[in-house]
Amino acid sequence: MRKANNVKIILKITSIILVLLQLSCVQKKKRENIIVASAGKIESLDPAQANTLRTLQILSAVGDTLYKTNKEGNLSPSLAKDLPKISKDGLFIDIPLKENVSFHDGSSFNAKAMKFSLNRFMKIGTLNYLLNDKIEYIEVKDEFLLRIKLKKPSSSIKSLLTSINLTPVSPNSYSNYKDKFNNKNFIGTGPYLLESFNSSQQIIKPFNKYWGEKPQNKGIDFINYSNSSTLFGAIKTKEVDVLISNSIDDMQRLALNNMVNNGKLNSGEGDPIEIGYITFKSNILPLKNKKIREALSYTIDRELISQQVSFGTREPLRSIVPPKLLNKEFQPWSKYKPNLARALLKEQGYCEKDTLTIPLTFRSNIPADKLLALTWKEQIKRDLSDCIKIRLNGVESTTVYKQLSEGAFEAVILDWTGAYPDPEAYLTPLLSCTKINNNTCLKGEAVFSGSFWGNYQVQELLERSEELEGESRLNLLIKAEQLAAQGSSYLPVWLVKPKAWSLKDISQPEFSSNGLIILKNLKRE
């Protein structure tokens with residue numbers, strides 16, 4: 001009897017072990033794909049609508065661009081067969097295209113498809129001014145030869161052709177989306193194709209007919225979490241394989257870096273191309289007063305903020321263009337000078353009887369924003385409590401973006417990464433204005449940026465820079481930024497390096513020149 005019971009016990013134990021082994025196999029099968037985690041939801045994968053880091057990250061894997069920027073900063077053909085040929089008058093650009101490239105739906109990529117995609121972007125793209133201000137028309141010269149006719153010569157057009165927003169989409173699959181967004185699908189030419197999509201999870205698989213270098217993994221699962229703590233916990237417990245740094249609390253970022261130093265994680269980082277800044281609404285008092293904006297520009301201790309908010313990982317910045325793109329150190333915004341701020345505010349009637357109250361809005365779902373707001377508030381309370389009072393207001397980021405051009409925020413913390421690696425991709429979206437009245441922008445990108453600050457000389461310099469190349473062009477862009485610094489409608493704070501952490505059995509993340517992980521290079525060791 002005891003022997004029979006022993007046999008039953010052994011059989012039960014064997015059954016449990018078999019079940020556990022099966023579960024283990026299932027788990028391993030589930031992790032065939034590399035799981036990449038980031039914060040927030042994705043509402044659309046339409047390149048004409050894309051404007052967030054996580055959306056661009058996926059698009060960079062499922063789509064291709066005509067050109068890329070290599071490590072030396074030079075233009076390199078991707079879907080294009082060769083470098084663009086520009087006419088002597090600078091008005092015509094001929095782009096030869098690769099042959100035998102297929103879209104994910106099996107249709108062929110050619111000049112007609114590229115023209116369709118560019119025209120579609122010019123019609124409905126959220127950043128369509130990038131092309132509409134430059135391009136007069138696009139024509140198909142041959143099956144694999146595209147011609148772009150410019151309104152006037154443009155030195156930035158070549159860099160613009162590296163933008164992920166201009167990735168081609170299949171005319172066959174987008175025939176019903178010529179004038180509206182295709183939010184839940186994507187059909188491009190990239191190394192991966194979209195297998196499934198919802199706002200919280202996106203799955204991409206290698207595209208078997210891809211024309212270029214094949215992915216080194218079997219697919220990517222993108223998981224979008226709601227907050228930093230969940231992201232941090234997911235990589236610590238190995239629920240995810242790769243963690244992208246956007247929206248990670250800086251204290252947790254420091255902890256992740258310590259795990260790297262202790263050999264528990266891998267990490268990789270890209271060139272610093274994201275700027276963090278504060279926008280001042282300059283068309284209504286009190287911030288319409290330039291002297292007050294100038295005074296505020298002297299009140300921020302960037303070094304202190306960098307240490308207290310990010311433990312030094314966010315580099316203090318006194319420019320609205322990443323220094324890398326100017327090939328020189330250029331910091332036109334003022335350093336921290338509280339005594340000068342006090343003197344200017346006294347001239348305007350503050351610091352003795354009256355106190356200037358500034359409502360400062362921060363994006364409530366961006367951890368660094370809140371810490372920046374709190375640190376600046378306490379710093380001003382310490383240095384200038386009799387002159388300025390900061391009143392904080394947390395608003396979810398999507399609401400902030402929707403209400404910026406409505407003038408909803410007197411001062412708001414934001415960040416920006418240019419759509420392509422060029423100084424113009426930072427200056428034009430913040431400073432460009434085509435209709436100005438007494439330094440108030442009535443029509444132009446400065447309205448959409450929420451500053452409403454316009455300057456005819458800045459606009460002229462931006463337009464003239466398009467006609468020049470090299471050092472001459474950079475000098476004009478530098479002059480434009482110097483004028484912007486004097487206008488003080490923006491307050492640059494810091495420069496951010498894109499970073500990612502991976503488990504030890506996953507290769508070190510590599511970054512492209514546009515600050516995105518090269519997903520096809522990720523592999524399990």
Side-chain angles (χ1 to χ4, degrees), residues 27 30-31 33-42 52-58 198-203 217 220-270 272 274 276 305-315 362-375 394 396-398 413 415 417 493-511 515-519 522 524-525:
Q27 182 64 24
K30 282 182 180 175
R31 293 297 284 269
N33 282 9
I34 291 176
I35 301 177
V36 178
S38 68
K41 294 183 177 181
I42 295 178
T52 65
L53 176 70
R54 50 191 173 271
T55 306
L56 294 172
Q57 181 66 74
I58 298 178
N198 63 55
S199 60
S200 299
Q201 182 179 21
Q202 306 81 41
I203 299 174
N217 53 67
I220 305 284
D221 287 10
F222 282 92
I223 307 293
N224 305 100
Y225 289 118
S226 59
N227 60 66
S228 178
S229 297
T230 310
L231 284 168
F232 180 66
I235 191 128
K236 278 194 72 178
T237 56
K238 300 185 179 182
E239 291 174 37
V240 302
D241 297 303
V242 180
L243 178 61
I244 300 176
S245 63
N246 69 310
S247 298
I248 279 284
D249 185 287
D250 285 281
M251 178 70 81
Q252 292 167 340
R253 189 184 291 235
L254 185 67
L256 290 167
N257 290 341
N258 287 336
M259 290 175 71
V260 173
N261 295 336
N262 292 328
K264 295 179 180 179
L265 291 175
N266 297 321
S267 72
E269 64 180 26
E274 178 189 310
I305 284 171
S306 173
Q307 287 302 320
Q308 292 204 356
V309 174
S310 74
F311 309 97
T313 59
R314 296 170 188 261
E315 184 182 330
F362 62 89
R363 293 167 298 176
S364 56
N365 56 318
I366 310 291
D369 274 20
K370 186 175 182 178
L371 288 173
L372 166 55
L374 288 168
T375 307
E396 205 274 332
S397 59
T398 52
I413 299 171
D415 56 55
T417 301
V493 180
W494 56 39
L495 188 63
V496 185
K497 286 184 179 179
K499 189 156 186 172
W501 298 269
S502 63
L503 300 181
K504 291 300 288 184
D505 66 336
I506 303 293
S507 59
Q508 180 182 22
E510 300 172 44
F511 282 83
L516 302 172
I517 300 172
I518 305 172
L519 292 167
L522 289 173
R524 289 194 187 278
E525 301 295 349

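Bear in mind that the values here come from a model prediction, so they are computed numbers and not experimental data.
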Trace of the side chain to side chain contact (heavy atoms under 4.5 Å, CB included) decision for D415 with V496: CA-CA 9 Å; D415 56 55; V496 185; over 6 Å; no
Excluding sequence neighbours, so at least two apart, what forms side-chain contact (heavy atoms from CB on, under 4.5 Å) with E396? S364, N365, T398, T399
Minimum-distance pair of heavy atoms, taken over all atoms of K504 and N266: NZ-OD1, 3.2 Å
E239 side chain to I235 main-chain N or O, any donor-acceptor pair under 3.5 Å? no
Working to the nearest 0.5 angstrom, can you tell me the gap between I517 CD1 and I220 CD1? 9.0 Å
Approximate separation, where rounding is to 0.5 Å, of I34 CD1 and I506 CD1: 4.0 Å
Checking L254 against T313 for the side chain to side chain contact (heavy atoms under 4.5 Å, CB included) test, could you report, in this order, the C-alpha distance in whole Å, the side-chain angles of both residues, the deciding distance, and whether it holds? CA-CA 9 Å; L254 185 67; T313 59; 5.6 Å; no
Quick one, L53 with L516, criterion side chain to side chain contact (heavy atoms under 4.5 Å, CB included). Give me CA distance, side-chain angles, the key distance, then yes/no. CA-CA 8 Å; L53 176 70; L516 302 172; 3.4 Å; yes
Minimal non-hydrogen separation, F511 against A500, with atom names: CZ-N, 3.8 Å
Is there a side-chain contact between S306 and E315 in this structure, where contact means two heavy atoms from C-beta onward sitting under 4.5 Å apart? no
Looking at every non-hydrogen atom in both residues, tell me the closest pair between G312 and Q307 and how far apart they are. CA-NE2, 3.6 Å
Beyond-backbone contact of I305 with W494, side-chain heavy atoms, under 4.5 angstrom: yes
Which residues pass the side-chain hydrogen bond (donor to acceptor under 3.5 Å, both in side chains) test with N257, not counting sequence neighbours? K499, W501
Taking salt bridge (Lys or Arg N to Asp or Glu O under 4.0 Å) as the definition, give me every residue that meets it alongside K497, ordered by chain and number, with sequence neighbours left out. E269
Could you tell me which residues satisfy salt bridge (Lys or Arg N to Asp or Glu O under 4.0 Å) with D369, sequence neighbours excluded, listed by chain and number? R363
Could you give the distance from OG (S267) to CG (L256), rounded to the nearest 0.5 Å? 9.5 Å
Between S199 and N224 the two heavy atoms that sit nearest each other are O-OD1, 3.6 Å
What residue pairs, at least two apart or across chains, pass salt bridge (Lys or Arg N to Asp or Glu O under 4.0 Å) with a residue in residues 251-263? D250-R253
Just verifying a value: how many Å separate F232 CZ and M251 CE, rounded to the nearest 0.5 Å? 10.5 Å
Pair F222-I42, side chain to side chain contact (heavy atoms under 4.5 Å, CB included): steps then yes or no: CA-CA 10 Å; F222 282 92; I42 295 178; 5.9 Å; no
Interatomic distance, K238 atom NZ to K264 atom NZ [nearest 0.5 angstrom]: 10.0 Å
Euclidean distance, I58 CD1 relative to S38 OG, rounded to 0.5 Å: 7.0 Å
Hits for side-chain hydrogen bond (donor to acceptor under 3.5 Å, both in side chains) against T52, two or more places apart or cross-chain, chain-then-number order -> T55
For the residue pair I413 and F362, what are the closest heavy atoms and their distance? CD1-CB, 4.0 Å
Is there a donor-acceptor pair closer than 3.5 Å between any side-chain N or O of S245 and the backbone N or O of P498? no
Closest non-hydrogen atom pair between L231 and A37, with its separation: CD2-CB, 3.8 Å
Using atom types as modelled and distance alone, determine if a side-chain donor or acceptor of R524 lies under 3.5 Å from a backbone N or O of N217. no
For the side chain of D241 and the backbone of I35, is there at least one donor-acceptor N/O pair under 3.5 Å apart? yes
